[in-house]
Chemist: 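Supplied in structure tokens, the structure appears directly below.
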2 protein chains.
Amino acid sequence: MSRPKSYDRQEAVERACQAFWAHGYTALGVRALEQMTGLNKFAIRTEFSGKEGLYLEALRLYAERAAQFAVEPLKAGGLDQVEEFFQGLVGGSSPMSSRFGCLMVNTGIENAELKSPALEEVSTVYWSMLYRAFEAALQTGREDGALKRDLDLAEAAQGLVTAVMGIHTMNRVSGRDDGGAALVGLIRDLLASWRT
Amino acid sequence: MSRPKSYDRQEAVERACQAFWAHGYTALGVRALEQMTGLNKFAIRTEFSGKEGLYLEALRLYAERAAQFAVEPLKAGGLDQVEEFFQGLVGGSSPMSSRFGCLMVNTGIENAELKSPALEEVSTVYWSMLYRAFEAALQTGREDGALKRDLDLAEAAQGLVTAVMGIHTMNRVSGRDDGGAALVGLIRDLLASWRT
DNA sequence: ACACATTCAATACAGTCGTATAGATATAAA
DNA sequence: TTTATATCTATACGACTGTATTGAATGTGT
């Protein structure tokens, strides 16, 4: 009963995610977004209520993908899965590694002062999701008796999250999807030292 | 023979450094910079040849300070100094810790796509300076016989640099100058495991 | 074939960006 | 006191920002 949309919503969000990932939020203008997503200004407004709405949608997609591909295996597994997770942060064979770093890290740094409550929440939820996943994996390791008993689980999980940020940051700063490989190596050694 | 300047150059750069540190480059407009630095538009142009020139000056000051307060002790010391360095990245008593993270990390993430050769170089020089400092400290540790012989020094130094980025990033994302404390703890454990 | 509903393309808008310019101002030397 | 020089304040500029509006285009249902 009306003119069909000239774009595929899902694909548009996907492309927007990639675009924001590479260029950041502020630096990417609406007119550039049109080209990279196949959307038009009107659609950005009506479908996502503006640029920031599209950004939030892209962030949610990113978080969803990360939860699916990286975090779920973590919660189900133990120490080995933690090691695999870190391996996935570098190198070309993984969907979690990128020369542009991590969209959530980039967002957190760029918008630390933006004070958009919606952004703040997406970020917080994302990192606490990762924290709990590490916590669960370590807890599993402990219950399996694979982990030393004197390890502070909360500090370990939080420290791992921070290491993840470092790897992503180094990936972006170096412009290479394996820029953070050295820290992945150190984390592997650390995990080994935690094993019984 | 002319009207005296209404600002102190050194202090202006110092304030600009703080301002860019907190707000980033793009998000901080020239008109806001005037207020926060005590400079005026004319001075920004004549004294620093524009906003980007002032930014570079601020980055150089930041790098200089970091070299002086944090990196020099590293190059002169050994494993203990590496540990002290990481301790200095979190908590209120250190000039290297901040809830705004690290100016160089923020710059590297925000401007990964800016392609300003000058910025690129300042960043590269900074991180390789830190890398060499870690390398030197570890080398000293090795020569003192305090370090296990099978440790890959290059990977260790590069991994430590990446961990530093992670701590700064977590500081900024969490908005706390001790946000990265957990990873500092893990790094301390890791350093301990390297000792003979 | 026609009316209806929705999207599209193009343009307009007010606001901000960094920079450039011009007249007023302040100091030191003549 | 006058002159020269440099800095200050204020305004102007074109380019850009994200958003809003308007008439044309493109479908479906009658």
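Basis for what follows: all heavy atoms, side chains included, without hydrogens, waters or symmetry-related copies. Every chain is numbered from 1 and lettered A, B, ... according to where its sequence line falls, protein lines coming before strand lines. As the structure is a prediction and not an experimental result, all values here were calculated from the model.
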Chemist: Remember a base hit wins even if backbone is also touched, and classify B:L28 as base, sugar-phosphate or nothing at under 4.0 Å, heavy atoms.
Modeler: sugar-phosphate

Chemist: Going by salt bridge (Lys or Arg N to Asp or Glu O under 4.0 Å), name the pairs with one or both residues in residues 52-72 of chain B, residues two or more places apart or in two chains.
Modeler: B:R9-B:E57, B:E14-B:R65, B:E57-B:R60

Chemist: Which side chain to side chain donor-acceptor pair (under 3.5 Å) pairs, counting each pair once, include a residue from residues 125-137 of chain A, with sequence neighbours left out?
Modeler: A:Y131-A:E135

Chemist: For residues 162-173 of chain A, which side-chain N or O atoms pair as donor and acceptor with protein atoms under 3.5 Å away, sequence neighbours left out?
Modeler:
from: A:T162; atom 1: OG1; to: A:Q158; atom 2: O; distance (Å): 2.9
from: A:T169; atom 1: OG1; to: A:M165; atom 2: O; distance (Å): 2.8
from: A:T169; atom 1: OG1; to: B:T169; atom 2: OG1; distance (Å): 3.1
from: A:N171; atom 1: OD1; to: A:G179; atom 2: N; distance (Å): 3.0
from: A:N171; atom 1: OD1; to: A:G180; atom 2: N; distance (Å): 2.9
from: A:N171; atom 1: ND2; to: A:L89; atom 2: O; distance (Å): 3.1
from: A:R172; atom 1: NE; to: B:I109; atom 2: O; distance (Å): 2.8
from: A:R172; atom 1: NH1; to: A:W21; atom 2: O; distance (Å): 3.1
from: A:R172; atom 1: NH1; to: A:F100; atom 2: O; distance (Å): 2.9
from: A:R172; atom 1: NH2; to: A:A22; atom 2: O; distance (Å): 3.1
from: A:R172; atom 1: NH2; to: B:I109; atom 2: O; distance (Å): 3.4

Chemist: Salt bridge (charged side-chain N to carboxylate O under 4.0 Å, His left out) with A:K5: which residues, sequence neighbours excluded?
Modeler: A:E47

Chemist: Answer with yes or no after comparing the ring centroid distance for B:F86 and B:F134 against a 6.0 Å cut-off, counting only values under it.
Modeler: yes

Chemist: Return the polar atom pairs (N/O with N/O) between nucleotides 7-13 of chain C and the protein under 3.5 Å, or none.
Modeler:
from: C:dT7; atom 1: O2; to: A:R3; atom 2: NH1; distance (Å): 3.2
from: C:dC8; atom 1: OP1; to: A:S6; atom 2: N; distance (Å): 2.6
from: C:dC8; atom 1: OP1; to: A:S6; atom 2: OG; distance (Å): 2.6
from: C:dC8; atom 1: OP2; to: A:N40; atom 2: ND2; distance (Å): 3.2
from: C:dC8; atom 1: O5'; to: A:N40; atom 2: ND2; distance (Å): 3.2
from: C:dC8; atom 1: O4'; to: A:R3; atom 2: NH1; distance (Å): 3.3

Chemist: Using whole Å, what does the distance between atom C1' of nucleotide D:dC16 and atom CG of A:L33 come to?
Modeler: 15 Å

Chemist: For the pair made of CG in A:L54 and P in D:dT17, what is the distance, rounded to whole Å?
Modeler: 16 Å

Chemist: Rounded to whole angstroms, how far apart are CG on B:L39 and P on C:dT19?
Modeler: 13 Å

Chemist: Mind listing the side-chain donor-acceptor pairs of residues 31-40 of chain B below 3.5 Å, one per line with the distance, residues two or more places apart or on another chain?
Modeler:
from: B:E34; atom 1: OE1; to: B:K41; atom 2: N; distance (Å): 3.3
from: B:E34; atom 1: OE2; to: B:K41; atom 2: NZ; distance (Å): 3.0
from: B:T37; atom 1: OG1; to: B:L33; atom 2: O; distance (Å): 2.6
from: B:T37; atom 1: OG1; to: B:L39; atom 2: N; distance (Å): 3.1
from: B:N40; atom 1: OD1; to: B:F42; atom 2: N; distance (Å): 3.2
from: B:N40; atom 1: OD1; to: B:A43; atom 2: N; distance (Å): 2.7

Chemist: In whole angstroms, how far is the P atom of D:dT9 from the CD atom of B:E34?
Modeler: 9 Å

Chemist: Nearest whole Å is fine: how far is D:dC16 C1' from A:K51 NZ?
Modeler: 12 Å

